[in-house]
Amino acid sequence: QVQLQESGGGFSQAGGSLRLSCATSGISVSNYAVGWFRQAPGKERDLIAAYRVNGGNTYLQDSVKGRFTISRDRAKSTVYLQMNSLQPEDTAIYYCAVGLRLILSSLSNPRAYNYWGQGTQVTVSS
C-alpha cells in the first residue's frame, strides 16, 4: 500500500525558509513522479514542483523559480521542497502527491496523481 507522509510545514516571516518533506513507501514501480501542490483558500490546487523519479527530471512553477528547489533522497525515498525567500502569497496548504506512470503532459493535472499526502499548512507573515 502506497503511503505518503508529509512534514515540515509551519510559520515563517517573509524572507524566511522552510523545508517540506514527503516520505513515500509502498511504491512498486520505478516510473512515477512526486509532485508538490499548494492550495490557498478559495483557490485551485496548483502544482508548484515535481520530480520524475525515473528520469530525475524536475519541474518548478515560474512563480517559485529561483526561490524553491525540489530534490530527492533515494535512500530515504523522500522528496524535499526547499522554500527560500518565502512571501505571504506562498501561504497555503501544501500537498505532496504520487503519480504512477505519469506522462509529462499530465504533470500539472491533480487528477493524474494516484496518491496524496494529508497536507501541511505553510503560513508566511509579512
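FYI, side chains are in, hydrogens and waters are out, and symmetry mates aren't considered; it's all heavy atoms of this structure.
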ask   = Can you tell which of Val64, Asp90, Leu18 makes a side chain to side chain contact (heavy atoms under 4.5 Å, CB included) with Met83?
value =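 Single side chain to side chain contact (heavy atoms under 4.5 Å, CB included) partner of Met83 among Val64, Asp90, Leu18: Leu18.
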request  = Answer yes or no: are there more than 12 heavy-atom neighbours, outside Gln13 itself, under 6.0 Å from its atom CD?
outcome  =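 Open: at most 12 neighbouring heavy atoms sit under 6.0 Å from CD of Gln13.
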Keeping [X] on the side-chain end and [Y] on the backbone end, is there a donor-acceptor pair under 3.5 Å?
X      : Y      : result
Thr91  : Val124 : yes
Tyr113 : Leu107 : yes
Thr24  : Ser77  : yes
Gln87  : Ser85  : yes
Glu6   : Leu20  : no

Shared hydrophobic cluster for [X] and [Y] (ILVMFWY, side-chain gaps under 4.5 Å):
X      : Y     : answer
Leu102 : Tyr51 : no
Val79  : Tyr95 : no
Val98  : Leu47 : no
Val53  : Val2  : yes

ask   = When rounded to the nearest 0.5 angstrom, what distance separates CZ in Arg45 from CZ in Arg38?
value =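 The distance works out to 13.5 Å.
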Inter-residue atom distance Ile70.CD1 - Arg52.CZ, 0.5 Å rounding =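 Atom-to-atom, Ile70:CD1 and Arg52:CZ are 12.5 Å apart.
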query = Any side-chain heavy atom of Arg72 within less than 4.5 Å of one from Val34?
reply =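 Of all side-chain heavy-atom pairs linking Val34 with Arg72, none is under 4.5 Å.
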Sub-4.5 Å side-chain heavy-atom contact between Trp36 and Cys22 =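 Sidechains of Cys22 and Trp36: in contact.
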key: Parallel, tilted or perpendicular, as decided by the 30° and 60° cut-offs, for the rings of Phe37 and Trp116   =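 Aromatic pair Trp116/Phe37 classed tilted.
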Would you name the heavy atoms of [X] and [Y] that are closest together and state the gap between them?
X      : Y     : value
Ser125 : Pro88 : C-CG, 4.4 Å
Ala40  : Ala92 : N-CB, 3.8 Å
Gln82  : Asn84 : NE2-OD1, 2.9 Å
Ser17  : Ser12 : N-OG, 3.8 Å
Ala49  : Leu81 : CB-CD1, 3.8 Å

ask   = Cluster partners of Tyr80, using ILVMFWY side-chain heavy atoms under 4.5 angstrom, listed by chain and number?
value =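 None; Tyr80 is a cluster of one.
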ask   = Should Leu100 and Ile27 be marked as a side-chain contact (heavy atoms from CB on, under 4.5 Å) after you check the CA-CA gap, both sets of side-chain angles, and the distance that decides it?
value = CA-CA 9 Å; Leu100 305 179; Ile27 299 174; 4.2 Å; yes
Leu104 and Tyr59: CA distance, side-chain angles, deciding distance, side-chain contact (heavy atoms from CB on, under 4.5 Å) verdict = CA-CA 10 Å; Leu104 190 59; Tyr59 162 86; over 6 Å; no
